[in-house]
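Everything on this sheet refers to the single structure shown next.
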Amino acid sequence: MVQKCDHFSEEPMTDNIPYTFHPTAVSDDLQKRFGDIEDGTETAEVATIAGRLMLRRVQGKLAFGTLQDSGGRIQLFAPGKVTPNFAEFCELSLGDWIGVTGTVMKTKRGELSVKVESWELLAQAQRPFPDKFHGLNDPDTRYRQRYVDLWVTPESRATFVLRSRVISLIRRWLEDREFMEVETPMLHPIPGGATARPFTTHHNAFDQEFFLRIAPELYLKRLVAGGFERVFEIGRVFRNEGISTRHNPEFTMLELYQAYADYEEIMTLTEELVSYLATELCGSTTLQYGEREIDLSTPWRRASMTELINEQIGADLSVETNIDELRSIAKQHGVEVKDSYGPGKLILEIYEKTTEAELWGPVFVTDYPKEVSPLSRDHRSQPEMTERFETIIAGRELANAFSELIDPVEQRARFEDQVKQKDAGDDEAMVVDEDYLRAMEYGLPPTGGLGIGIDRLVMLLADASTIRDVVLFPTLRPEASS
RNA sequence: GCCCCUGUGGCGCAGCCUGGUUAGCGCACCGGACUUUUAAUCCGUUGGUCGUGAGUUCGAAUCUCACCGGGGGCACCA
């Protein structure tokens, strides 16, 4: 059992805790407004603030505290003669929640403070807070007990504030461009819209298996067929796959669809959106990421997949390269070649093995083989290719987009090819979605679509090396019950 | 799935290689001193089956093995 503070009690302990409290100020706002006043002077301002007591310096008949609230920290100044229940104030534990009212003033040593003229206990910390200087260092504890981490790891709090702003700014930016936010099902009768293994669940009333969505894509395109010309959704998707610094089983996707647009226009939209976010949130289109810089100033490089592979490995391959030669190149680079792989799949494998991680970017990798792009429209000039791109930044995929496939006959053929791949043992391959085909048969206009992994975007903007640092409650093995 | 690293009171760490008296230190907590501190300071306490189990040994936090948790890498994927 964990150690608790001595005042831990099994008895009800909130009898004297008020039901409401109304702060009139936040620490950083007070710092901004009164940070410049003369040392040792008082203002005419009386402020009410609330938060946790994070530090405490009791000196007999005078006590100092450091209160942390949503804005940051501010000192509490508590002279015994002024502060009511002074002894109890001095006995507060680090981590206790209190509300304080008093004059905003500055001590002789120049620390802006609130003089504790009245105060109330709002919650006791029954468990001891982490080391007041070192905080939490164990990542496991930080992720499992985020409620503590957010208090003692300022970067962690800042990251999640940033994440919230990212999503908020994306919404506004898209709405300003006439995009409409929609919500589509998370429970899918058949999984679709991506190649990934789904989670399954069960609906009792229908006695029916459902899948947690792996992508909202097919529903969003139904809406374009339905006449919503510009739609977007920001929401959770679920993929039943491994966990790593770049993968969490549930993650947040932005998907948007714009009728009458092609992938070139989506590239422009993507670079404008991401560079806008960087400017707004980081103050610049140049970001520090780990040891290196990322220059997000537009326009971003656009280069085809085969072009980039050839640059990287000094070859001269294309989708028309003889398949035996492609197989041999793939093997040379350590790709595990399966008999079912056609030229397109081989090219993608070679790209992922040799090139993707080496691209610092930002770069739009364009023109993906048809074989690996079952929802993308045929390239207008390149045979066996589709008008698809992925955006690579820092060696990682940030976005995936295409000129959407709008031909229902072709779509059916692509689905059936996926079914063949599934039968051949690829359990991530797609299945036929008859209703989606029906929607296409009513007519889907030329459409450009985009998916951006919000978590990875936040990683870039927050300079986070692991996705767990940008997900409030990352998926972890459940704690063993003792 | 494979490889490497790691697990010592609530938190941050030392001790482990080179096994040996009651396992240390700092913070928190508890008691005491202190009216301008800033991780306040000073004095004194409380609290630990050293992740779990087995083995080697006269003796294991320390060496060996297995298992469990966590981190990183590879594979796979977004």
Side-chain angles (χ1 to χ4, degrees), chain A residues 1-8 39-40 54-66 73-83 86 90-95 105-113 115 125-145 148-149 151-153 193-197 214-215 237-253 255 334-336 349 352-353 356-357 390-392 396-400 426-428 451-457 459 465-468 474 476-480 482:
Chain A
M1 198 57 210
V2 297
Q3 181 184 348
K4 292 162 181 144
C5 300
D6 279 9
H7 54 246
F8 181 85
D39 293 358
M54 298 304 281
L55 297 171
R56 195 194 43 191
R57 301 174 286 280
V58 176
Q59 303 192 47
K61 297 195 175 72
L62 175 67
F64 299 89
T66 299
R73 292 182 168 196
I74 192 162
Q75 177 163 274
L76 303 176
F77 177 76
K81 284 181 186 160
V82 173
T83 299
F86 180 71
C90 293
E91 281 168 13
L92 289 168
S93 291
L94 299 192
M105 42 85 67
K106 197 176 253 189
T107 59
K108 286 180 199 169
R109 299 285 178 90
E111 186 74 29
L112 190 71
S113 308
K115 196 197 282 182
Q126 293 185 330
R127 293 172 185 264
F129 248 55
D131 187 287
K132 64 189 177 190
F133 185 64
H134 297 97
L136 281 175
N137 207 30
D138 177 14
D140 190 43
T141 310
R142 289 188 48 223
Y143 302 141
R144 289 188 196 276
Q145 301 185 31
V148 179
D149 179 50
W151 285 100
V152 301
T153 313
T195 50
R197 203 172 312 170
I214 54 175
V237 299
F238 307 86
R239 298 189 184 177
N240 203 342
E241 285 155 2
I243 292 178
S244 77
T245 51
R246 295 166 286 279
H247 302 86
N248 198 57
E250 50 179 305
F251 62 102
T252 301
M253 279 265 275
E255 282 203 11
V335 173
E336 204 181 309
E349 291 287 330
E352 287 180 346
K353 195 81 179 182
E356 185 175 30
E390 288 193 357
T391 307
I392 304 297
R396 293 204 284 259
E397 177 191 339
L398 178 74
N400 182 20
D426 181 355
D427 50 12
E428 290 174 353
I452 292 185
I454 296 294
D455 311 84
R456 290 183 178 179
L457 176 61
M459 283 173 72
S465 61
T466 163
I467 197 168
R468 295 188 194 95
L476 300 172
R477 203 177 291 276
E479 282 184 279
S482 50

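Throughout, a chain's letter reflects where its sequence line sits, starting with A, and its residues are numbered from 1.
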Which atoms of nucleotides 11-16 of chain B (N or O only) lie under 3.5 Å from a protein N or O atom, and what are those distances?
from: C11(B); atom 1: O2'; to: Asp131(A); atom 2: N; distance (Å): 3.2
from: C11(B); atom 1: O2'; to: Gly135(A); atom 2: O; distance (Å): 2.8
from: G12(B); atom 1: OP1; to: Asn137(A); atom 2: N; distance (Å): 3.0
from: G12(B); atom 1: OP1; to: Asp138(A); atom 2: N; distance (Å): 3.0
from: C13(B); atom 1: OP1; to: Asn137(A); atom 2: ND2; distance (Å): 2.7

Residues within residues 55-62 of chain A bordering RNA chain B, heavy-atom distance below 4.0 Å: Leu55(A), Arg56(A), Arg57(A), Val58(A), Gln59(A), Gly60(A), Lys61(A), Leu62(A)
All salt bridge (Lys or Arg N to Asp or Glu O under 4.0 Å) counterparts of Glu349(A), not counting sequence neighbours: Lys345(A)
Under the salt bridge (Lys or Arg N to Asp or Glu O under 4.0 Å) test, residues paired with Glu390(A) that sit two or more places apart: Arg388(A)
Touch class at under 4.0 angstrom, heavy-atom based, for Arg456(A) against every strand present: base
Complementary nucleotide for C63(B) - Watson-Crick or wobble, under 3.5 Å: G55(B)
For Asp39(A), side-chain contact (heavy atoms from CB on, under 4.5 Å) partners two or more places apart: Lys106(A)
Residue met sooner reading RNA chain B from 5', once Phe133(A) and Ile467(A) are mapped to nucleotides: Phe133(A)
With Arg144(A) via salt bridge (Lys or Arg N to Asp or Glu O under 4.0 Å) - residues at least two apart: Asp140(A)
Pro79(A): side-chain contact (heavy atoms from CB on, under 4.5 Å) partners, not counting sequence neighbours: Leu62(A), Phe77(A), Val82(A), Thr83(A), Lys115(A)
Assigned partner base of G69(B), Watson-Crick or wobble definition, under 3.5 Å: U6(B)
Sugar-phosphate, base or nothing in reach of Arg144(A), heavy atoms under 4.0 Å: sugar-phosphate
Residues that Glu250(A) engages under salt bridge (Lys or Arg N to Asp or Glu O under 4.0 Å), provided they are two or more places apart: Arg236(A)
For Thr153(A), side-chain contact (heavy atoms from CB on, under 4.5 Å) partners two or more places apart: Arg142(A), Asp149(A), Glu155(A), Ser156(A)
Min side-chain heavy-atom separation Val148(A)-Leu136(A) under 4.5 Å: yes
Sequence-distant partners of Leu94(A), side-chain contact (heavy atoms from CB on, under 4.5 Å), two or more places apart: Arg56(A), Lys132(A)
For Arg246(A), side-chain hydrogen bond (donor to acceptor under 3.5 Å, both in side chains) partners two or more places apart: none
Check nucleotides 71-75 of chain B against the protein and report each pair of N or O atoms closer than 3.5 Å, with its distance, or say if there are none.
from: G71(B); atom 1: OP1; to: Arg468(A); atom 2: NE; distance (Å): 3.4
from: G72(B); atom 1: OP2; to: Arg468(A); atom 2: NH1; distance (Å): 3.0
from: A75(B); atom 1: OP1; to: Lys353(A); atom 2: NZ; distance (Å): 3.3

Touch class at under 4.0 angstrom, heavy-atom based, for Lys132(A) against every strand present: sugar-phosphate
